Amino acid sequence: MTWDELAVQLPKLWDGVLITLLLAGASFLLGAILGVPLSLARISSRRWLVGAAGGFIALVMATPVVIMLLWLYYGLPILTGVLLPDLLVLILVLTLNQMVIMAENYRSGLRAVPSGQRDGAIMLGLSRWQALRHVVLPQMLRAVVPLLASSSIVLVKDSAIATFIGTNDLLNAARSAAIATFRPLELLSIAALLYFMLTYPIALLAARLEYGMARLQKPRLR
Amino acid sequence: MIQLPKYLPPLLDGLWLTLEITAAGLFIGALLGMLLALLKASRSLALRLPANIFIDFFRTTPFLIQVLWIYFVLPYLIGRDIEATAAGILALGLNASAFMAEIFRTGIAAVGPGQRDAGRMLGLSRAQIFRYVVLPQAVRITLPAMIATAIQVLKSTSYLAAIGVLELTYRATIVTQNSGRYLEVFSVAGAIYIVVIVALILLLELVEKHLARGRASLA
């Protein structure tokens with residue numbers, strides 16, 4: 001095989017990159033949104049709500065993504081009688097995982113804010129909502145943002161489960177091209193490099209953000 | 001569910017292999033991870049750079065592509081076939097080592113410089129300080145992260161179904177194809193994973209609580 005033949009396969013990989021980005025992007029947004037009510041349930045004063053949210057989080061965390069995908073793709077339609085398109089099932093799996101991670105991230109972000117901050121704000125005459133909006137939330141987000149970066153890397157990596165149900169994400173595109181051309185070395189290596197190019201900038205950003213955070217939190221004087 | 005006795009044995013066989021390859025992968029990961037952490041801490045760039053590239057690459061690419069690469073590409077490079085289970089264990093070990101290297105590195109860094117100075121004061125060599133002063137404390141500090149990695153490795157084993165390793169997930173797909181009972185079989189397989197992993201999560205929480213107690217009594 002010549003390099004020309006390899007070049008023919010590249011547009012297919014590019015289509016795969018787009019599917020991978022679509023899967024990771026959609027699940028990232030949905031997970032970030034759905035993680036909010038889940039984390040609020042986790043810190044609610046109603047015990048049954050805390051238990052239900054904790055059980056849901058443990059259930060999702062304890063299930064490997066592959067078996068979750070196989071269950072939702074092959075098992076769930078038997079239960080519901082509705083056959084969902086494969087992209088939707090993939091986004092569902094990734095979103096379930098992402099919302100659980102985000103809920104835990106939000107919770108650890110809240111824990112990073114000392115309760116005295118909120119009490120102090122309320123003492124100064126701010127309403128509970130104002131205290132949340134102007135005092136607690138900005139500090140919490142500062143702790144959450146580095147975690148956002150690292151969880152988005154996990155999403156891009158987990159999106160490779162698409163290969164199991166034959167959706168043409170980046171990995172599956174590379175795999176089928178490798179089978180068609182008998183060139184796994186080149187195609188799988190190019191795909192790995194493409195993944196690296198997608199995630200490594202995020203990893204650098206995460207490291208930078210964490211470093212910045214650590215500097216912000218460093219105690220100045222004793 | 002009526003046929004549960006019929007398809008439970010192959011799934012439990014699969015679980016056994018899953019646990020075995022998890023243990024093997026963790027073992028390789030711990031050894032290689034320690035080596036990588038030491039290379040990363042080295043003063044020489046020629047040692048640091050390859051370790052960094054290795055760690056970054058394995059941490060930022062999907063595990064599945066690492067598995068496929070080792071199973072389909074590595075044989076070209078070394079000129080001999082690799083058996084699927086061996087390829088799977090190798091992939092798990094290499095992947096885990098990249099994560100463990102980071103854990104070890106932060107663990108070693110978390111042991112204060114005063115500890116090292118005290119070791120030197122007592123006349124210990126660099127190697128002795130590492131072995132008797134830094135390592136025991138680093139292991140203690142990193143234990144929760146190690147258990148979390150073990151959970152991650154266990155969950156990752158299900159990817160090995162893609163190359164036909166007869167672990168729990170692949171066993172489950174075989175049973176579904178023979179029986180057509182997708183819902184029941186995948187539910188049972190999922191439940192088995194959940195039981196094992198929840199047990200590990202509880203262990204993790206126990207260890208964290210135990211370590212927190214030790215810390216509180218020091219303050």
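As the structure is a computational prediction, the values presented were derived from the model and not from experiment. By convention in this document, chain letters (A, B, ...) are assigned in the order of the sequence lines, proteins followed by strands, and residues within each chain are numbered from 1.
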Quiz item: If we only count heavy atoms from C-beta on, is the B:Thr60 to A:Tyr195 side-chain gap below 4.5 Å?
Solution: no
Exercise. Evaluate the side-chain proximity of B:Leu68 to A:Arg175: yes if any heavy-atom separation is below 4.5 Å, no if none is.
Key: yes
Quiz prompt | Contacting moiety of A:Ala160, where chain B heavy atoms sit under 4.5 Å | solution = both
Practice problem: May I ask you to name which of B:Phe57, B:Phe63, B:Phe72, B:Tyr76 has the most heavy-atom pairs under 4.5 Å with chain A? | Solution: B:Phe57
Quiz item: Between B:Leu200 and chain A, which part of the residue has a heavy atom less than 4.5 Å away: side chain, backbone, both or neither?
Solution: neither
Quiz item: Atom CG in A:Leu59, atom CD1 in B:Ile197: separation rounded to 0.5 Å?
Solution: 11.0 Å
Self-check item: Value rounded to 0.5 Å, distance of CG in A:Asp158 from OH in B:Tyr159
Solution: 4.5 Å
Exercise. Working to the nearest 0.5 Å, report the span between CD1 of A:Ile67 and CD1 of B:Ile192.
Key: 9.0 Å
Quiz prompt | Heavy-atom pair count under 4.5 Å with chain A, highest-scoring of B:Ala191, B:Ala189, B:Ala162 | solution = B:Ala162
Practice problem: Drop me the distance from B:Leu64's CG to A:Leu171's CG, to the nearest 0.5 angstrom. | Solution: 5.0 Å
Self-check item: Interatomic spacing from CZ in B:Arg59 to OH in A:Tyr200 - rounded to 0.5 Å
Solution: 11.0 Å
Practice problem: Would you sort out whether A:Thr63 and B:Tyr193 count as a side chain to side chain contact (heavy atoms under 4.5 Å, CB included), showing the intermediate values? | Solution: CA-CA 6 Å; A:Thr63 313; B:Tyr193 276 116; 5.8 Å; no
Quiz item: Is it the side chain or the backbone of A:Phe164 that comes within 4.5 Å of chain B heavy atoms, both, or neither?
Solution: side chain
Exercise. Name the region of A:Ser189, side chain, backbone, both or neither, that has any atom closer than 4.5 Å to a heavy atom of chain B.
Key: both
Quiz item: Could you give the distance from CD1 (A:Ile57) to CD1 (B:Ile201), rounded to the nearest 0.5 Å?
Solution: 11.0 Å
Quiz prompt | Portion of B:Thr173 that has a non-hydrogen atom of chain A nearer than 4.5 angstrom | solution = side chain
